[in-house]
J.: 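Let me give you the structure first, and then I'll get to my questions.
Numbered from 1 within each chain, the chains take letters A, B, ... in sequence-line order.
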Amino acid sequence: MIIRNYLEELNLEQREAVQTFDGPLLVLSGAGTGKTRVLTSRIAHLLYSGLTKPWNIMAVTFTNKAAREMKERVSKIIGPSADQVIMGTFHSIGANFLRQHSELVGLKSNFSIIDVDDQVTAIKQILKDSNLDEKLYPPRLFAKIINHWKDKGLVPEKITDSEKDRFENEFAKDVYIKYQSKLKSSNSADFGDLLLYPLIILKDNIDVLEKWKSKIKYILVDEYQDTNTVQYLWLRLVSQPENNICCVGDDDQSIYGWRGAEVKNILGFEKDFPKAKVIRLEQNYRSTGNILSSANSLIDNNNFRLGKNLWTKDNKGKKILLTGVYDSSEEAKYIVNMSQTLRGEGKLLSNICVLVRTISQTREIEEQFIKGCIPYKVVGAKFFERQEIRDAIAYLRLIVNNADDLAFQRIINTPRRGIGANSIQKIIDFSLSAKCSYFLSSIEQVKLNTLSLSSKKNLERFIFQINKWGTLIYDERPSDLLQLILKDSGYIDMWKKMETIESETRIDNLNELISGMSEFENIKEFLEHVSIMTNNDRINIDGEVSLMTLHASKGLEFDYVFLPGWEDGLFPSIRSVDEKGNIGLEEERRLAYVGITRAKKELYISYSANRRIHGLWMSSIPSRFINELPKENIIENLDQGLYLPTGDSEFNDNLNNKSHFLSRHKKIYNHANYNQETFKIKTRDKQMSRNFIIGERVFHQKFGMGNVINVNGENLEISFDNAGIKKVRSDFVLKK
DNA sequence: TTCAGTTTAGTTTTT
DNA sequence: CTAAACTGAA
């Protein structure tokens, strides 16, 4: 055992949180107050005190990355036995549990985990079978309702009439029932099931519950403010009666309400767990005084909060730089210029991050980073949602779980193998009447000779291939097997034949997937990993600027933080305010609070007068949140000088007034001429950069330096020094 | 059954 | 603006 004086490194409150072992404990831990340190020290202290064994402790984190980090930090104090502590996200722990007890809810242990897109596909089919018009009843809406019910722990039987008040909900309950049986027959579970099924199993099987209770003696929960009802019920169930449960969280950082998170879980902790002890951590070790008092003053505008005030021994530091720009591309350029300046001052790029409200904001910023030759990384880029990646994973899913109808449907004719809509419909119809999977149905169709000769031949070949690959699951390495599948199925060739830039990228992505798989021992482990991987699990902190959404930034910290797009409508998002009124606005404000408190040293907030939304240029006014920041902590960047001063009376009059949402589209001042000018400059800019000549030296963000060897309009063929020959669009390379 | 060309619908955040 | 859905011809 490695003995370290971990207790002495803690402040008074932290130490109390670490040493309070028995009974329910809530640690209200503000941003940057050392909550991870408390959690790790607590685990170490529990083990060090000899009270319990590692496998009797369960620590639930919000991301797998957080779990990994925690494990590392605990093992630094206590040694390798830290590995035996049960750590993971609710979803990964739930999935594990469900694999052990799957038969209790009618699943097999090799069930597939499906994502939102698969849900929508399944619901589409159900609507079709139920003769409900997709146009009238959008599948996405049903998916949302069903997920919402699952978050609340509602199985179909428990849906009461009061839940049906919305007109769709009457159908929704029916769709929900059919959806669940569809999933069951596909041997699949969605994200909600990973939490809901374990709860049901524990409730209905007293022996399983007792076994769990005798195993788990101490529970630690991170990010408690973002737990939903199911997670809450689950914690209540397994922690009773000793209630040795320690929840750490910050009500001001609750930003997942739209996903079913209930702030009331943390607000009502003392009521839910009688005799609970509450400890507040308010000393911040992360940010400067200016950053901290801005955050405090902003969040003070929220009504629904427990209330706390962060303080720091640190000095005031630099003021927050507030910048108004003309349009979003100016904003992107500004961020890149500032990053360049910081880099010039010797600051590491890995200490810089840009946090946006919506992921689409990253595109323009990326463009400028490429032009400015600054390495960057988009964290949580939707790699696993790309078509080619989903297709590849669907092949693996079908091989591991033949009953996975959603995977079957996705790839049965991808690449085209002569099995058209008619044949597929026959397969589906038969599976419905025979109550078997699509895959089994296909086998029957071949036997029964119901399809056209060519279809039959093609289907036979497909079945043969799936079976053949299935025999290799345990023999081949996952990466080798996928490579084999993509080659033999003709999937890679399908993209190769296209010879477009996009198809090249897709093949690159597939190769990236294959190489990423090499760290996994078996396919099942890999599939588990990809489906419940969290956003920032893939983060790497090399010499790159990080670009991500505010949501993805939870739990992270950076020296220099850019917060672009502080405009009313974008941030706070008009949708959340429209849909949920003040509740929605408060959540947006908490999101702003999370953003501000990520910064350790310097914070740059910016807003733009014009932004292109869904292809149309819109003008906008600065975010109301800007006025909630104390003037003494802020300095306005007058260099840019492209926007009206924030003291503008029209803007102030409209604050906190819903009508100003309506005036959102109103031009603040006429930019028409300027607009045209910039447009001209931009096109000229683009055209100039597009005249590439053979032999020219160029730079590409991903592939580095290279020489142009072929020019075909916008499409360039480049021989890169380190990455070989690639086809690239001219927008993505820079002249040297 | 396939493929190319055209129209339309949907765009906040994510396990 | 983009991806999915649709349409019609080969």
J.: Expressed as a whole number of angstroms, how long is the span from A:Gln231:CD to B:dT14:C1'?
T.: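 To the nearest whole Å, that distance equals 13 Å.
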J.: Mind calculating the distance between CZ (A:Phe62) and C1' (B:dT15) to the nearest angstrom?
T.: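 Going from A:Phe62 (CZ) to B:dT15 (C1'), I get 7 Å.
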J.: Can you tell me the pairing partner of C:dA5 across any strand shown, Watson-Crick or G-U wobble, with both distances under 3.5 angstrom?
T.: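 Partner of C:dA5: B:dT6.
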J.: Looking at the side chain of A:Arg416, which of B:dT15, B:dT2, B:dT1 is the nearest nucleotide?
T.: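 Per side-chain heavy atoms of A:Arg416, the pick is B:dT2.
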J.: Atom CG of A:Asp117 and atom C1' of B:dT14: how far apart are they, to the nearest Å?
T.: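 My rounded result for the distance is 12 Å.
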J.: Take the protein atom CD of A:Glu586 and the nucleotide atom P of B:dT13, then report the distance between them rounded to whole Å.
T.: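 That distance rounds to 22 Å.
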J.: Quick one: A:Arg386 CZ to C:dA3 P, roughly how many Å, whole number?
T.: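 Computing the A:Arg386:CZ to C:dA3:P distance gives 10 Å.
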J.: For this output row, return yes or no: ring centroids of A:Tyr197 and A:Phe111 closer than 6.0 angstrom.
T.: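 No - the distance between ring centres of A:Tyr197 and A:Phe111 does not fall below the 6.0 Å cut-off.
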J.: To the closest 0.5 Å, what do you measure between OG (A:Ser573) and CD (A:Glu579)?
T.: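 One finds 8.0 Å between OG of A:Ser573 and CD of A:Glu579.
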J.: Please report the distance, rounded to the nearest Å, between NZ in A:Lys65 and P in B:dT14.
T.: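 Between P of B:dT14 and NZ of A:Lys65: 15 Å.
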J.: At 4.0 Å (heavy atoms only), tell me whether A:Ser455 reaches a base, stays on the sugar-phosphate, or touches nothing.
T.: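 Contact class for A:Ser455: sugar-phosphate only.
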J.: Round to a whole Å and report the spacing from CD of A:Glu385 to P of B:dT13.
T.: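 Answer to the nearest Å: 10 Å.
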J.: Using a cut-off of less than 4.0 Å, is there contact between a side-chain N or O of A:Lys144 and OP1 or OP2 of B:dT13?
T.: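 Negative; the distance criterion is not met.
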J.: Could you please name the option among B:dT2, B:dT13, B:dT15 that lies closest to any side-chain atom of A:Thr89?
T.: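 Nearest to the side chain of A:Thr89 among the choices is B:dT15.
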J.: Verify the contact: side-chain N or O of A:Ser360 to OP1 or OP2 of B:dT11, cut-off strictly under 4.0 Å; return yes or no.
T.: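 No, no such contact exists.
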J.: What is the pairing partner of B:dT11, taking Watson-Crick or G-U wobble pairs with both distances under 3.5 Å in any strand?
T.: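 B:dT11 is unpaired by these criteria.
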J.: Could you pull out every donor-acceptor pair under 3.5 Å between side chains of residues 419-428 of chain A and any protein atom, sequence neighbours left out?
T.:
residue: A:Ser423; atom: OG; partner: A:Ser455; partner atom: OG; Å: 3.3
residue: A:Gln425; atom: NE2; partner: A:Asp429; partner atom: OD1; Å: 3.1
residue: A:Lys426; atom: NZ; partner: A:Thr450; partner atom: O; Å: 3.1

J.: Any idea which of B:dT11, B:dT1, B:dT13 is nearest the A:Arg357 side chain?
T.: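 Shortest atom-to-atom distance from the side chain points to B:dT13.
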J.: Would you indicate which nucleotide in B:dT2, C:dT2, B:dT14 comes nearest to any side-chain atom of A:Arg363?
T.: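 For the A:Arg363 side chain, the nearest candidate turns out to be C:dT2.
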J.: Have a look at A:Glu579 and say if it touches a base, only the backbone sugar-phosphate, or nothing, with a 4.0 Å heavy-atom cut-off.
T.: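 Counting heavy atoms under 4.0 Å across all strands, the contact made by A:Glu579 includes a base.
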J.: Does the structure show A:Tyr256 stacking with B:dT14, if we require the centres to be closer than 5.5 Å and the planes to be within less than 30 degrees of parallel?
T.: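 Stack criterion not met.
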J.: Verify the neighbour count for atom CZ of A:Arg236: are there more than 12 heavy atoms of other residues, nucleotides or ligands below 6.0 Å?
T.: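 Counting neighbours around CZ of A:Arg236, more than 12 heavy atoms of other residues, nucleotides or ligands fall under 6.0 Å, so yes.
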J.: Which nucleotide sits closest to the side chain of A:His91: C:dA5, B:dT15, B:dT13?
T.: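 Nearest to the side-chain atoms of A:His91, counting from C-beta on, is B:dT15.
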J.: Please report, rounded to the nearest Å, how far the P atom of B:dT14 is from the CD atom of A:Glu223.
T.: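 Those two atoms, CD and P, are 15 Å apart.
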J.: Using a 4.0 Å heavy-atom cut-off, does A:Lys580 contact any base of the nucleic acid, only the sugar-phosphate backbone, or nothing at all?
T.: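 No contact at all - A:Lys580 keeps every heavy atom at 4.0 Å or more from the nucleic acid.
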J.: Can you figure out which of B:dT2, B:dT14, B:dT13 approaches the side chain of A:Arg259 most closely?
T.: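 It is B:dT14.
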J.: Between A:Glu587 and A:Ser423, who's closer to the 5' end of DNA chain B by nearest nucleotide?
T.: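 With A:Glu587 and A:Ser423 compared, the 5'-side residue is A:Ser423.
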J.: Assert yes or no for the condition that the ring centre distance of A:Tyr232 to A:Trp234 is strictly below 6.0 Å.
T.: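 Ring centroids of A:Tyr232 and A:Trp234 are no less than 6.0 Å from each other.
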J.: Closest to the A:Asn413 side chain: B:dT14, B:dT1, B:dT2?
T.: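 Out of B:dT14, B:dT1, B:dT2, the nucleotide with an atom closest to A:Asn413's side chain is B:dT2.
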J.: Choosing from C:dA5, B:dT14, B:dT15, which nucleotide comes nearest the side chain of A:Phe191?
T.: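 Out of C:dA5, B:dT14, B:dT15, the nucleotide with an atom closest to A:Phe191's side chain is B:dT15.
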J.: Counting only heavy atoms not in A:Lys144, do more than 12 sit closer than 6.0 Å to its NZ atom?
T.: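 Counting neighbours around NZ of A:Lys144, 12 or fewer heavy atoms of other residues, nucleotides or ligands fall under 6.0 Å, so no.
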